[in-house]
Amino acid sequence: MAAMAAAVASSPSPSPASTRLLRGHHPPPSCSAPSLLRLTRSSRRLRLRAAAAAEEADVLPGPGAEGEMAAGGRLEEQPEGPIGGSQVDIGGLAFQGDMGGGGFAGGSGGAGAGGGDGNKMLDRGINTAIVLGASTYALTKLLTVDHDYWHGWTIFEILRYMPEHNWSAYEEALKTNPVLAKMMISGVVYSLGDWIAQCYEGKPIFEFDRARMFRSGLVGFTLHGSLSHYYYHFCEALFPFKDWWVVPAKVVFDQTAWSAIWNSIYFVVLGFLRLESPATISSELKSTFWPMLTAGWKLWPFAHLVTYGLVPVEQRLLWVDCVELIWVTILSTYSNEKSEARNSEDASTSNASNLWRKFRAFTCLLPAKSG
């Protein structure tokens with residue numbers, strides 16, 4: 001007994017931790033409650049600091065690199081100059097967008113830019129093929145008008161007789177089918193005139209609007225050639241006299257009644273081909289009718305002194321179509337500028353609306369400001 005008492009007395013006293021363990025207490029976890037409280041308060045302070053900095057600068061902090069989070073309270077530097085598309089200011093906040101539906105993520109914008117470049121290259125290639133193909137066909141027809149008689153001819157003889165024999169072929173076409181011949185000439189002239197108008201407006205030579213040029217050529221082929229054929233015969237029947245005043249009278253009639261009718265037909269038909277509403281066509285015709293009519297007075301009175309004074313009736317449309325290359329440039333510009341301006345305004349409005357919706361969706365993801 002004495003030995004056991006001595007052993008108990010010599011053993012060390014239990015520590016407080018072991019005493020708690022013996023009483024049923026367990027060791028604390030690695031993350032204590034005070035440390036969790038400190039982390040929560042710290043993250044809350046960071047969010048408040050980031051929200052305050054964003055409000056002061058009125059700029060949204062952009063996302064960091066992939067896999068990283070933007071540091072709270074730090075505004076990321078944006079590249080100088082627009083990346084592409086249109087820039088819209090909404091409530092003092094600047095947003096960059098594009099017509100291809102680019103959003104806040106840069107990857108979709110790059111893909112849209114690449115697709116746009118590819119489409120532009122494709123359109124340019126198609127336009128180049130159309131221009132080269134049409135030019136080659138026209139030159140071949142002009143140069144080979146005498147191919148049945150080329151046996152033994154030299155190059156000099158072919159080029160020498162080419163203008164005369166082409167003119168003979170045109171006169172023969174006027175005798176056999178005058179309306180169709182004049183329709184084809186007007187269709188070609190109105191297509192070329194619209195192409196010239198687009199180049200004059202600033203478009204590169206091979207980046208023209210094919211649909212717009214086709215519409216103008218279609219109106220020239222189906223309406224101008226045939227209507228002009230019958231109009232010139234009607235004008236001769238209306239003024240059958242040979243006196244000196246007949247030519248000025250025909251010019252005045254042409255530049256009032258006929259010009260007003262034809263300009264209106266051209267404008268209205270192009271509007272319907274663009275699938276515009278009758279109300280839109282009517283309002284735009286009213287706003288451009290007088291400017292188009294008076295613009296013609298700067299060109300046509302002088303040209304029609306030759307038309308009605310020197311050129312025979314059957315040859316008048318060819319002479320008029322040569323002058324039409326200048327006039328169709330003016331006419332097509334008047335007819336298309338309002339439509340293209342309206343389409344551009346609608347596209348800008350749609351782009352701004354898309355950017356506003358994306359901004360609203362983005363702000364919903366920001367942490368709510370508390371306290």
Side-chain angles (χ1 to χ4, degrees), residues 138 142 145 161-194 196-197 200 216-217 219-267 269 288-335:
L142 291 174
V145 64
Y161 292 108
M162 182 187 68
E164 179 183 350
H165 292 174
N166 275 291
W167 181 258
S168 300
Y170 170 68
E171 288 186 325
E172 186 65 26
L174 289 179
K175 293 177 182 178
T176 56
N177 199 336
V179 178
L180 180 60
K182 295 173 183 179
M183 288 171 63
M184 294 180 65
I185 292 175
S186 292
V188 172
V189 167
Y190 270 68
S191 299
L192 289 176
D194 186 80
I196 295 172
Y200 178 78
S216 181
V219 174
F221 175 78
T222 57
L223 295 175
H224 183 262
S226 56
L227 293 179
S228 296
H229 169 78
Y230 295 110
Y231 161 71
Y232 288 122
H233 285 281
F234 170 76
C235 191
E236 288 300 308
L238 187 63
F239 299 98
F241 311 104
K242 302 296 181 182
D243 297 328
W244 64 270
W245 55 268
V246 172
V247 172
K250 290 179 180 178
V251 172
V252 171
F253 180 77
D254 186 288
Q255 288 303 292
T256 52
W258 171 243
S259 290
I261 293 173
W262 171 245
N263 290 349
S264 301
I265 291 174
Y266 180 81
F267 197 95
V269 174
T288 58
F289 176 82
W290 184 251
M292 282 195 300
L293 189 64
T294 54
W297 294 348
K298 301 175 183 178
L299 171 67
W300 284 113
F302 307 100
H304 281 325
L305 290 175
V306 178
T307 302
Y308 296 107
L310 301 176
V311 182
V313 178
E314 288 299 327
Q315 312 294 344
R316 283 177 184 171
L317 187 60
L318 181 63
W319 158 252
V320 168
D321 279 339
C322 291
V323 185
E324 287 270 7
L325 283 175
I326 303 173
W327 173 239
V328 174
T329 302
I330 302 172
L331 197 63
S332 179
T333 301
Y334 270 109
S335 176

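Any value given below was found using the heavy atoms of this structure, including those in side chains, with hydrogens, waters and symmetry copies removed.
Summarising the local packing, OH of Tyr200 is surrounded by 12 or fewer heavy atoms from other residues, nucleotides or ligands at distances under 6.0 Å. Atom CH2 of Trp244 has 12 or fewer neighbouring heavy atoms from other residues, nucleotides or ligands inside a 6.0 Å radius. The environment of Phe253 atom CZ is dense: over 12 non-hydrogen atoms of other residues, nucleotides or ligands sit within 6.0 angstrom. A 6.0 Å sphere centred on CE of Met162 holds more than 12 heavy atoms belonging to other residues, nucleotides or ligands.
For the atom pair Leu180 CG and Ile185 CD1, the distance stands at 10.0 Å (nearest 0.5 Å). With rounding to the nearest 0.5 Å, the separation of CD in Glu324 from CG in Leu317 is 8.0 Å.
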Show the numbers, then the answer: is there a side-chain contact (heavy atoms from CB on, under 4.5 Å) between Val320 and Tyr232?
-> CA-CA 11 Å; Val320 168; Tyr232 288 122; 3.1 Å; yes

Would you please test Val145 and Tyr161 for side-chain contact (heavy atoms from CB on, under 4.5 Å) and show each step?
-> CA-CA 9 Å; Val145 64; Tyr161 292 108; over 6 Å; no

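Remark: Tyr190 pairs with His224, Tyr266 by the ring pair (Phe, Tyr, Trp, His ring centres under 6.0 Å) rule, at least two apart or across chains. For Asp254, the side chain to side chain donor-acceptor pair (under 3.5 Å) criterion is met by Tyr231, His304, Tyr308, not counting sequence neighbours. With sequence neighbours left out, the side-chain contact (heavy atoms from CB on, under 4.5 Å) criterion links Val188 to Leu192. The side-chain contact (heavy atoms from CB on, under 4.5 Å) search around Thr222 returns Leu218, not counting sequence neighbours. For Phe221, there are no ring pair (Phe, Tyr, Trp, His ring centres under 6.0 Å) partners, not counting sequence neighbours. The side chain to side chain donor-acceptor pair (under 3.5 Å) check on Trp297 picks up nothing, with sequence neighbours excluded. Residues meeting the ring pair (Phe, Tyr, Trp, His ring centres under 6.0 Å) test with Phe234, sequence neighbours left out: none. Listed by chain and number, the residues in a ring pair (Phe, Tyr, Trp, His ring centres under 6.0 Å) with Tyr230 amount to none (sequence neighbours excluded). With sequence neighbours excluded, the residues forming a side-chain contact (heavy atoms from CB on, under 4.5 Å) with Ser264 are Leu285, Phe289, listed by chain and number.
Taking each heavy atom of Leu174 and Ala181 in turn, the nearest pair found is CD2-CB, 4.2 Å. Ser186 approaches Gly220 most closely through the heavy-atom pair CB-O, 3.2 Å. Nearest heavy-atom pair across Val323 and Ala303 is CG1-CB, 4.1 Å. Scanning both residues, Ser216 and Val328, for their nearest heavy atoms gives OG-CG1, 4.2 Å. Nearest heavy atom pair, residue Pro301 against residue Val251, reads CA-CG1, 3.9 Å.
Screening Asp321, Leu299, Val189 for a side-chain contact (heavy atoms from CB on, under 4.5 Å) with Trp327, the sole residue that qualifies is Leu299.
The main-chain N or O of Leu223 is found under 3.5 Å from a side-chain atom of Ser226 such that the two form a donor-acceptor pair.
Residue pairs meeting the salt bridge (Lys or Arg N to Asp or Glu O under 4.0 Å) criterion with at least one member in residues 224-253, sequence neighbours excluded: Glu236-Lys250, Glu236-Arg316. For residues 171-181, every residue pair satisfying the side chain to side chain donor-acceptor pair (under 3.5 Å) rule, not counting sequence neighbours, is listed here: Trp167-Glu171. Within the structure, salt bridge (Lys or Arg N to Asp or Glu O under 4.0 Å) contacts touching residues 302-315 (residues at least two apart or in different chains) are Lys182-Glu314.
Using a 30° and 60° split on the angle between ring planes, Trp258 and Trp262 fall in the parallel class, below 30°.
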